[in-house]
Structure formats: C-alpha cells, structure tokens
Amino acid sequence: MLSAELDSVLPRADVVASFLPGTRETKAIYTAERFAAMKDTAVFVNCGRGSAVENAVLCEALQSGQIAAASIDVCETEPLPADSPLWDLENLLITPHVSGNFHLPDILEKNVQLAAENLAAYLTGGELKNVVDFETGYKK
C-alpha cells in the first residue's frame, strides 16, 4: 500500500521528506525509478533511515539532474565512507545524523558531555565510551 501511495505523489512533490523507519518494506524504497518519477526541480530529504535509499541510487539521481538537490542526515552506510562520491556533490547537504533534535535540554547536555569526554579520551589515548561495533552496527 505504501508503495502505491508513494508512486502517486512523487511526480507532484516539490519536496520529498522521508522519515521512514528501517524495515523490510522500506529498504531501498527510493529506487532509481522513483527518483526518475520526481520533478527535476524536486528536493529529497532523508532524516529517517539510510536504508531507504542506496547511496549509488541517490548519487546518480543528483548527478544526472533527475532531482535538483538533496539533504541527508542518514545514509545507507554510516559513517559515510571518505571515498564516497556523495561528498563531492554540490547539490547535496550532508549532516551528521543529528536530525532527531533534542527535546530536553538535559539530553543535549548529556550528549555534549559524552562527545567532549570521548574527544578528550581520543586525544589522550584513553578509553572511549559507547563505541560502535561496525560489524553489528550496535554498541560494543
């Protein structure tokens, strides 16, 4: 059902903002065909899950002019590899997976504190907190 509804609105949308969860149904839901169906003036925004669009598909849509621009806070592979061609696109804004915002000042303070502690630990060879296991995608 989601696919049929999506296909009916994409050709009319000026902005396609995706906040989809990462499920089997939403994996690679934004296909090359769906980008081709969008207006060439459309802007694509992904703040949901990076699995909703393959990096190569998004890159091609932007390079070919199928869409005008995009902004992503999430991507298929995180962190985005340094050699990804996405980094070189002038019509793509990439943010560091922070679109969730912080609804409570206390959460923001704790996140900033954790980042500061990890930066200090990294610079001094100390132990990092909340290290991600890149094999599983979860905290070690």
- Shortest non-hydrogen contact from L128 toward A121: CD2-CB, 3.9 Å
- Note on the structure: For A82 and W87 the tightest heavy-atom approach is O-CD1, 3.6 Å
- Query: Does E127 have any side-chain hydrogen bond (donor to acceptor under 3.5 Å, both in side chains) partners at least two apart in sequence or in another chain, and if so, which?
  - Reply: none
- Listed once per pair and sorted, the ring pair (Phe, Tyr, Trp, His ring centres under 6.0 Å) pairs that draw on residues 48-82, sequence neighbours left out: none
- Item | Residues in salt bridge (Lys or Arg N to Asp or Glu O under 4.0 Å) contact with D83, at least two apart in sequence or another chain | none
- Item | Closest heavy-atom pair and its distance - S3, I29 | OG-CD1, 4.5 Å
- Task: Measure the spacing between CG of L93 and CD1 of I72 and express it to the nearest 0.5 Å.
- Result: 9.0 Å
- Quick one: side-chain contact (heavy atoms from CB on, under 4.5 Å) partners of E54, sequence neighbours excluded? A28, V57, E76
- Smallest heavy-atom separation, L92 atom then S71 atom, equals CD1-N, 4.1 Å
- Note on the structure: When rounded to the nearest 0.5 Å, the distance separating CG of L58 from CD of Q66 is 10.5 Å
- Message: Holding to side-chain contact (heavy atoms from CB on, under 4.5 Å), I want the full list of residues that pass it with S51, two or more places apart in sequence or in another chain.
- Response: R49
- Kindly work out whether a path of hydrophobic side-chain contacts (I/L/V/M/F/W/Y, heavy atoms less than 4.5 Å apart) joins L123 to V131. yes
- List for me each residue that meets side-chain contact (heavy atoms from CB on, under 4.5 Å) alongside Q63, sequence neighbours excluded, and say none if there are none. C59, E60, L89
- For S84, enumerate each residue passing the side-chain hydrogen bond (donor to acceptor under 3.5 Å, both in side chains) test, keeping only those at least two apart in sequence or located in another chain. none
- Message: Which residues pass the salt bridge (Lys or Arg N to Asp or Glu O under 4.0 Å) test with K110, not counting sequence neighbours?
- Response: D106
- Note on the structure: Residues pairing under side-chain hydrogen bond (donor to acceptor under 3.5 Å, both in side chains) where one sits in residues 7-22, two or more places apart or in two chains, turn out to be D7-R34, D14-K39, S18-Y30
- Item | CG on D73 to OG1 on T95, rounded to 0.5 Å | 3.5 Å
- Close side-chain approach of F44 to V53, heavy-atom, < 4.5 Å: yes
- Query: Hey, what do you get for CG (N46) to CZ (F19), rounding to the nearest 0.5 Å?
  - Reply: 8.5 Å
- Heavy-atom closest pair, residues V74 and G48: CG1-O, 3.6 Å
- Item | With E33 via side-chain hydrogen bond (donor to acceptor under 3.5 Å, both in side chains) - residues at least two apart | T31
- Message: Among residues at least two apart in sequence or on other chains, which ones pass salt bridge (Lys or Arg N to Asp or Glu O under 4.0 Å) with E117?
- Response: K129
- Flag, side chain of T23 to backbone of T26, donor-acceptor distance under 3.5 Å: yes
- Full working for side chain to side chain contact (heavy atoms under 4.5 Å, CB included) between I67 and D40: CA-CA 4 Å; I67 60 173; D40 62 4; over 6 Å; no
- Query: Other than V43, which residues form its hydrophobic cluster under the rule that side-chain heavy atoms must be closer than 4.5 Å?
  - Reply: V15, V45
